[in-house]
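Please read the structure below before turning to the comments.
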2 protein chains.
Amino acid sequence: MKHAMNQKPDYEKELRKAGVRITRPRRIILDILTSTEDHPDAMKIFHRATQIDDSISLSTVYRTMNLLEELGAIHRHAFNGGPSRFEQAHGEHHDHLIDVDTGAVIEFKSDKIEKLQEEIARSLGYDIVHHRLELYCRKSEPST
Amino acid sequence: MKHAMNQKPDYEKELRKAGVRITRPRRIILDILTSTEDHPDAMKIFHRATQIDDSISLSTVYRTMNLLEELGAIHRHAFNGGPSRFEQAHGEHHDHLIDVDTGAVIEFKSDKIEKLQEEIARSLGYDIVHHRLELYCRKSEPST
DNA sequence: ACATCAGTTGCAAAGATTCTCAACTGGATG
DNA sequence: CATCCAGTTGAGAATCTTTGCAACTGATGT
């Protein structure tokens, strides 16, 4: 299984191209996003950000997440009722299995499913821009 | 990949099957959903509900919407930043293809994909409680 | 019909997200 | 590098949504 290089996408360039200003708060938030492996929620990002610059406001975190989502730079996950959690969109696409009891998130990828999705979309006259597949699960009871 | 017509689904039966109680608040909310053409938000549903029984609480509206969403009985739309708005689904579970340009929602279902999902979950040691599959798409350009 | 009890409810309070607006700043221009 | 101004920010209010808990009630069995 190949693993996407965790290379930092050049968000600043992307954002400039989209006519968005590179401000100090945005730079900090982007750094946090590119250097994390998990799926932090807005509050977590906010806390990490304030350790670098404690003048950053929570509103700005939310505004930036919305901005990045619109630009397709990150993905938002609304796992069962809890607060939205975010993940950078660059690397290789993967889907999620969410443990409904613990909230744990497992990433997986199935080429077969991706293929089927393509087929379905095509048969309906569409091309897939992106997709979201989330399996809400519970640990299997071992038959012992 | 045909699908059900816009008939009133027998929600009560569906809910019972899912082991959910049919309470007075739920019945009222279901009536509102089945008899409306628009996409009301929670507050709107709450107002309509209180005209029938003014003891119903907003929490119950939200709880019921979450319940119905999990059961696949309704769809939730989050139009840019505003509150979530809801719309009844038609009958059994299905997945969604969303036209990113128009916001149109097409329902589909693929047994093959469902099967694959089960396999994946099982191989990771889980049982699926429910799932969500959304394809964000754009109309294919035949030529031009 | 009655008792029982786990699922539900209403309320209040907490939590999550967006909005308002005056002050500030990135980056374009000269 | 000084100026300018539309885009951006921080703070807090407003809005939207979930949650904790005691009281209540629908479904089941008798």
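Being a predicted model, the structure only gives us computed values, none of them experimental. A, B, ... follow the sequence lines: proteins, then strands. Residue 1 opens every chain. Keep in mind that the numbers below use all heavy atoms, side chains included, and drop hydrogens, waters and symmetry copies.
- Take B:Lys115 and apply the side chain to side chain contact (heavy atoms under 4.5 Å, CB included) test, not counting sequence neighbours, and it matches no residue.
- The stretch residues 59-68 of chain B comes close to DNA chain D through B:Ser59, B:Tyr62, B:Arg63, B:Asn66, each having a heavy atom under 4.0 Å from the strand.
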Please table the atom pairs, donor to acceptor, closer than 3.5 Å between any side-chain atom in residues 117-124 of chain B and protein atoms at least two apart or in another chain.
residue, atom, partner, partner atom, Å
B:Gln117, OE1, B:His131, ND1, 3.3
B:Gln117, OE1, B:His131, NE2, 3.4
B:Ser123, OG, B:Ile120, O, 2.8

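- The residues B:Glu134 and B:Arg132 are annotated as salt-bridged, a charged nitrogen and a carboxylate oxygen being separated by less than 4.0 angstrom.
- Counting only heavy atoms from C-beta outward, the side chains of B:Thr34 and B:Gln88 approach each other to under 4.5 Å.
- Between A:Phe108 and A:Leu97 the shortest heavy-atom distance is CE2-N, 3.8 Å.
- Rounding to whole angstrom units, CZ of residue A:Arg76 and P of C:dA16 are separated by 14 Å.
- Remark: P of C:dG26 and CD of A:Glu12 are 12 Å apart, rounded to the nearest angstrom.
- Of all the residues in residues 42-52 of chain A, not one reaches under 4.0 Å from DNA chain D with any non-hydrogen atom.
- Every residue two or more places apart in sequence or in another chain was checked for a side-chain hydrogen bond (donor to acceptor under 3.5 Å, both in side chains) with A:Arg26, and none qualifies.
- The interatomic distance linking B:Asp41 (CG) with D:dT15 (P) rounds to 13 Å, in whole Å.
- Atom CG in A:Asp53 sits about 10 Å away from atom P in D:dA11, given to the nearest Å.
- Checked against side-chain hydrogen bond (donor to acceptor under 3.5 Å, both in side chains), A:His75 has no partners two or more places apart in sequence or in another chain.
- One can place CD of B:Glu70 at 13 Å from C1' of D:dT18, the figure rounded to the nearest angstrom.
- Scored by the salt bridge (charged side-chain N to carboxylate O under 4.0 Å, His left out) test, B:Arg21 finds no partners at all (sequence neighbours excluded).
- By the salt bridge (charged side-chain N to carboxylate O under 4.0 Å, His left out) test, A:Arg16 is found to be paired with A:Glu12, residues two or more places apart in sequence or in another chain being considered.
- When A:Ile29, A:Ile74, A:Val20 are each tested for a side chain to side chain contact (heavy atoms under 4.5 Å, CB included) with A:Leu67, only one passes: A:Val20.
- A side-chain N or O of B:Glu87 and one of B:His77 form a donor-acceptor pair less than 3.5 Å apart.
- Scored by the salt bridge (charged side-chain N to carboxylate O under 4.0 Å, His left out) test, A:Asp54 finds no partners at all (sequence neighbours excluded).
- As rounded to whole Å, 13 Å separates atom P of D:dT9 from atom CG of A:Leu58.
- Considering only residues two or more places apart in sequence or on other chains, B:Arg48 meets the salt bridge (charged side-chain N to carboxylate O under 4.0 Å, His left out) condition with B:Asp38.
- Of all heavy-atom pairs between B:Ala18 and B:Leu71, the closest is CB-CD2, 3.9 Å.
- Atoms CD1 (A:Ile28) and P (D:dT9) sit 11 Å apart, rounded to a whole Å.
- Axis angle across the helix from C:dA1-D:dT30 to C:dG30-D:dC1, with five pairs used at each end and values rounded to 10°: 50°.
- For the pair A:Leu15 CG and D:dG7 C1', the computed distance is 14 Å after rounding to whole Å.
- The side chain of A:Arg26 places an N or O atom within less than 4.0 Å of a non-bridging phosphate oxygen (OP1 or OP2) of D:dT9.
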Base-contact (B) and sugar-phosphate-only (S) positions in nucleotides 25-30 of chain D, heavy-atom cut-off under 4.0 Å, - elsewhere: BBS---
